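All of these numbers come straight from a predicted model, not from anything done at the bench. Letters go in sequence order (proteins before strands), and every chain restarts at 1. Both backbone and side-chain heavy atoms feed into the values below; hydrogens, waters and symmetry mates do not.
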Amino acid sequence: AQSVTQLGSHVSVSEGALVLLRCNYSSSVPPYLFWYVQYPNQGLQLLLKYTSAATLVKGINGFEAEFKKSETSFHLTKPSAHMSDAAEYFCAVSDRYSTLTFGKGTMLLVSP
Amino acid sequence: NAGVTQTPKFRVLKTGQSMTLLCAQDMNHEYMYWYRQDPGMGLRLIHYSVGEGTTAKGEVPDGYNVSRLKKQNFLLGLESAAPSQTSVYFCASRFKAGQGPYEQYFGPGTRLTVT
């Protein structure tokens with residue numbers, strides 16, 4: 001069975017500060033990992049994905065994530081937060097054939 | 001391309017009423033999914049389909065039924081709505097393994113309130 005743990009239901013940063021959202025996963029097979037973003041009253045939009053190619057993955061809006069097998073982690077980072085980054089972020093895991101398992105989400109709050 | 005669309009966007013039901021949510025995709029995706037989203041719970045899979053005419057249960061299937069009569073459509077039914085089914089429902093779709101990217105594409109959601 002697969003599972004995802006996102007540490008921190010809420011993360012607050014100042015505009016211009018580093019963003020770090022944590023995700024740890026559990027999977028019995030080589031995983032595929034995803035970060036999705038959800039803006040208020042909208043659906044989920046893919047930020048980036050890891051599918052067994054490069055371990056450092058770059059996504060949209062300046063976000064990136066690093067797959068660390070030894071730590072079973074896939075943390076999301078952005079060097080400098082912008083007000084428009086305020087949203088809820090979901091980490092998810094799957095294998096090649098199965099369904100996605102989501103974490104409970106982390107709400108990112110950005111203050112001026 | 002419209003991507004993944006959901007009908008309706010909002011709905012209020014009384015306990016015991018029934019309704020059907022429609023999901024449509026125009027990306028020729030083989031796999032389709034229904035999730036519910038509740039505060040602090042993330043997204044939980046209700047049912048999914050890996051092809052026309054096939055369906056399977058997800059994590060929280062009780063109280064829901066689904067049908068996939070056409071490849072592009074995936075219907076979610078509530079036969080007798082309960083207040084515990086108040087939620088935001090999302091449909092998603094993706095390519096079959098080996099036929100395209102593995103990420104799921106999401107619809108805009110349906111906000112359902114059961115009183």
Kindly list each side-chain donor-acceptor pair under 3.5 angstrom involving residues 70-82 of chain B, sequence neighbours excluded, with atom names and distances?
residue, atom, partner, partner atom, Å
B/K71, NZ, B/N28, OD1, 2.8
B/K71, NZ, B/E30, OE1, 3.3
B/E79, OE2, B/N65, ND2, 3.4

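If you take CD on A/Q38 and CZ on B/F90, they are separated by 4.5 Å, rounding to the nearest 0.5 Å. Rounding to the nearest 0.5 Å places CG of B/L43 at 9.5 Å from CG of A/L100. Taken from NE2 in B/H47 to OG1 in A/T99, the straight-line distance is 13.0 Å, to the nearest 0.5 Å.
Residues A/S94 and B/Q104 have side chains not in contact (no heavy-atom distance under 4.5 Å, counting atoms from C-beta outward).
For the side-chain contact (heavy atoms from CB on, under 4.5 Å) with B/E103, the lone residue among A/L48, A/L46, A/T51 that qualifies is A/L46. The ring-ring contact (aromatic ring centres under 6.0 Å, His included) test with B/F106 singles out one residue from A/Y36, A/F90, A/F34, and that residue is A/Y36.
Note: the hydrophobic cluster containing A/L47 does not contain B/Y105 (ILVMFWY, side chain heavy atoms under 4.5 Å, direct or indirect links). Under the 4.5 Å side-chain heavy-atom criterion for grouping Ile, Leu, Val, Met, Phe, Trp and Tyr, A/V57 is connected to A/L21 within one hydrophobic cluster. By the rule that hydrophobic residues join a cluster once side-chain heavy atoms approach within less than 4.5 Å of another member, B/V60 and B/V88 end up as members of separate clusters. If you chain together hydrophobic residues whose side chains sit under 4.5 Å apart, B/Y33 and B/V66 never meet in one group. In this structure, A/Y32 is a member of the same hydrophobic cluster as B/L45, with clusters built from ILVMFWY side-chain heavy atoms closer than 4.5 Å.
Under the salt bridge (charged side-chain N to carboxylate O under 4.0 Å, His left out) criterion, B/R111 pairs with no residue, sequence neighbours left out.
Of the atoms belonging to B/Q37, it is side-chain heavy atoms, and not backbone ones, that fall under 4.5 Å from chain A. Contacts of A/Q6 with chain B are absent, with no heavy-atom separation under 4.5 Å from either backbone or side chain.
Interface residues of residues 102-112 of chain A toward chain B, defined by a heavy-atom distance below 4.5 Å and sorted by number: A/F102, A/G103, A/K104. For residues 76-88 of chain A, heavy-atom neighbours of chain B at less than 4.5 Å comprise A/E88, sorted by residue number.
Across B/G109, B/G40, B/P39, the residue that shares the most heavy-atom pairs under 4.5 angstrom with chain A is B/G40.
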